[in-house]
Amino acid sequence: MIIASVCIDNPSKEIDRLFDYSVPDSLKESIKIGMRVIVPFGASNKLIQGVVLEINEKSEEEIKYKEIYDIIDEEFILPQDLIKLAYFMKKKYVCTLSEAIYSILPPKMGISECIEAKIITEDCSICSKKEKQFLSMLNKDKYLKIDLKSINIKRADLISMRNRGIIDLKIETKQNLNKKTVQLVRLKDNKKAIELLNNKKLKQQRNIIEYFLNNNINEILLSQLIDILGCSRVTIKSLEEKGVIEIFEREVYREVATEYANYPKHILSHIQRKAFESILNEYREGRRVSLIRGVTGCGKTEIYLNLVEYFINLNYGAIVLVPEISLTPQTVERFKGRFKDKVAILHSRLSDGERYDEWRRISRGEAKIVVGARSAVFAPVENLKLIIIDEEHEYSYKSEQNPKYLTREVAEQRVNLIDGLLVLGSATPSIESYYNVSRGIYNLIEIDERVSGSTLPDVHIVDMRQELITGNRSIFSRELYSSIEENLKNNKQTILFLNRRGYSTFVSCRECGYVCKCSNCDVAMTYHISTNTLECHYCGQTMHIPKLCPKCKSKYIKHFGAGTEKIEQEVKRLFPSARVIRMDMDTTRKKGEHERLYRLFKEHKADILIGTQMISKGMDFKNVTLVGVVAADTMLNLPDFRAAERTFQLLVQVAGRAGRGYDKGKVVIQTYEPEHYSIQLAATQNYNEFYKKEIEIRRFLNNPPFTDLTYFLFTSNNEEELIKICKEIEQEVKRVIPSDFTILGPTPNFISKIKNTFRWNMMIKGCIVDYIDIIDKIIYDKTRATSVKYSIDLNPYSLI
DNA sequence: AGCACGCCGACT
DNA sequence: GTCGGCGTGCTC
């Protein structure tokens, strides 16, 4: 008989293995590796989703296997290279196979059950009270539909009663696939139609027929017909009843992106042409990865477009990855504009149905180019040959959930499997990638010229300590203030950047130093002026500002530090005539709001844009000539070895927003640490110098890329047990790792409590590949049957 | 992770 | 004698 080994859709570690099912004769022909199936699982044979990963012929039938219940679809079959990729992630990022497989697959289309039951016995004596109560609602002659949500009975109880011969069940499963359809109308009977035209009464109906005949229309959307003729649905229905016309349904793909202006092919500049050719030449010589380090505005996208076109013309497919945040208008516009409906877009705001539609278009080979965020690296593109990762250094390329993969590593593995090409692009490549260049692993292309010929902006660093000494206590330095003023006068746009939302960073008592902290989390609460409350940015709890200090009863409660809300208020106060837009999590929470504000600013409907991270990248505003960084060192002092790299990258990105048009841009960076190398070198946009400094520090402190840093986070609401288990784990782990590895911790996390859950962490420095499985086993055994949960993150992007 | 089974104390 | 609370072990 044929046995299929199935990966069950269940992320739990205890059942992280394949389960064998026999394949019924009805499915023998169609079943294939990579197919999604429905299988009964567990004692109650609950039907769940699985993916077939192996098919074997077995002669002996001593083990009683369960049967595969059904196939989910024959359309989408997980290709072999993606299955290999799942195993790769399981090994590298210590996740379950199920987690790996189901992060690759399109969203689970939930399986829902419709259960009907009827009584088949007179004898209810063996039933419990609960069961008797349930039976009283049932019928003996006919099956009744059971809604498990509304009654006090579980699915398992039903199964149990059926097994004891009390009731009989009819269980049907449905997949909520919801393929979307549209209603179309067409003429069915021409003769009848012409006859009807002689009828003097039915004016509306005649209108409809005339419309069909005069415009020689085969078929038309029902909704469109109603719109154009202003007739009612009833009129059309009555025509249908007469058999004159026909209304029919057709499945459609949900419209993901609306309309895109044509984006014509540009002639590449000499430099772009050279980059394009270098990448292809190196690729032909067997080089898998090319890194383009190009200043903002150097025209990387144009190189990407040409690479994609090159491969498409050879009938290959391509994936273009962009950070989620810049997956808004611009990049999409360009790719859709150039390649039209050959492009599929995948981003996190798609509904499950929309995402599923895009997946089908891709796996059917209708869309050969995929533009998407992180998870689009798994897109089942037919004949894939090229993967491009734009803004390669971005943190959104690291997954926060299991599998905690880094997109670049997965992409590299994927092009290795398919003999393809990976192109990375960034103005400020990650230290790891550039290190790979210096080791000769990646091919490097450097572009230091802007395509428009516009020069890089003038950057001014302002020492805020000096401002304070000379009596300026405002959040704007004199230089920034006068620059904004002048920019407004010249009718130019300004961007003010501050990586912190809310009004003030913390609220504290001036007498005793008490800080308003969240009662669930170990963090200071942020004041929000719009709601006049203190909000915890970790658990969302809000509270009112105390009038008196809860500790010393003093009334000197003051705000400290500034957030975007405060900047907005200050700007409005200082420049009352300026039109201001604020973009942060609070103002863009609503769907479509991000895009609306972006367009508003682009169309110069506002003079000043205030925002967090989200305005620092991807946006191209021609009329912006001033960028102000209100506090450059907010991230510099976090306990994280990437703090300097992150600050440098952010400042370069932000500065890149200035002067993209014809006028020279100006950037004002306000800081309390003007001499710090990441700020100094960001001001001169000197990546190479920054890399040299940073890589030496990494080498000296033995941080990535010179070693792996594996981060273990332990959480529990029982602090005592948490500490005890952490210490025991450290002792045991110590015994299995080589002596040149270092263990840091266990220590309380930088944020020691979130939502009443205590957090401790431990880090291991050392090449972990050969040891991670045994360490995982130790931790798994130690934490099982305790309140402690853990997560493992290989080379995390954030240590907080 | 679910879910069933089984053992034990509490209670009509 | 019945109910339900949680510890234990299994899932093809």
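A note on names: the letters A, B, ... follow the listed sequences, proteins ahead of strands, and every chain is numbered from 1.
The environment of A:K28 atom NZ is dense: over 12 non-hydrogen atoms of other residues, nucleotides or ligands sit within 6.0 angstrom.
Side chain of A:S752 to main chain of A:P748: no donor-acceptor pair is present (N/O by atom type, distance under 3.5 Å, no hydrogens or angles).
Not a single side chain to side chain donor-acceptor pair (under 3.5 Å) links A:K727 to another residue, sequence neighbours left out. Evaluation of the side chain to side chain donor-acceptor pair (under 3.5 Å) rule for A:N383 yields no partner, not counting sequence neighbours. By the side chain to side chain donor-acceptor pair (under 3.5 Å) test, A:K32 is found to be paired with no residue, residues two or more places apart in sequence or in another chain being considered. With sequence neighbours excluded, no residue satisfies side chain to side chain donor-acceptor pair (under 3.5 Å) with A:Q413.
Here the side chains of A:Y102 and A:D9 are in contact, with some heavy-atom distance below 4.5 Å.
A:Y780 places its OH atom 10 Å from the C1' atom of B:dA1, with the value rounded to the nearest Å. Atom NZ of A:K13 is separated from atom C1' of B:dG2 by 18 Å (rounded to the nearest Å). At whole-Å resolution of the value, CG in A:N402 and C1' in B:dA1 are 14 Å apart.
Each of A:V51, A:I72, A:I48, A:I31 was compared with A:V37 under the side chain to side chain contact (heavy atoms under 4.5 Å, CB included) criterion, and only A:I31 meets it.
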Would you tabulate the pairs of protein nitrogen or oxygen atoms and nucleotide nitrogen or oxygen atoms of nucleotides 9-12 of chain C closer than 3.5 angstrom?
unit_1: C:dC12; atom_1: OP1; unit_2: A:Y21; atom_2: OH; d: 3.3
unit_1: C:dC12; atom_1: OP2; unit_2: A:K66; atom_2: NZ; d: 2.0
unit_1: C:dC12; atom_1: O3'; unit_2: A:D20; atom_2: O; d: 2.4
unit_1: C:dC12; atom_1: O3'; unit_2: A:K66; atom_2: N; d: 3.0
unit_1: C:dC12; atom_1: O2; unit_2: A:D20; atom_2: N; d: 3.2

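The stretch residues 85-94 of chain A does not touch DNA chain C, since none of its heavy atoms comes less than 4.0 Å from the strand.
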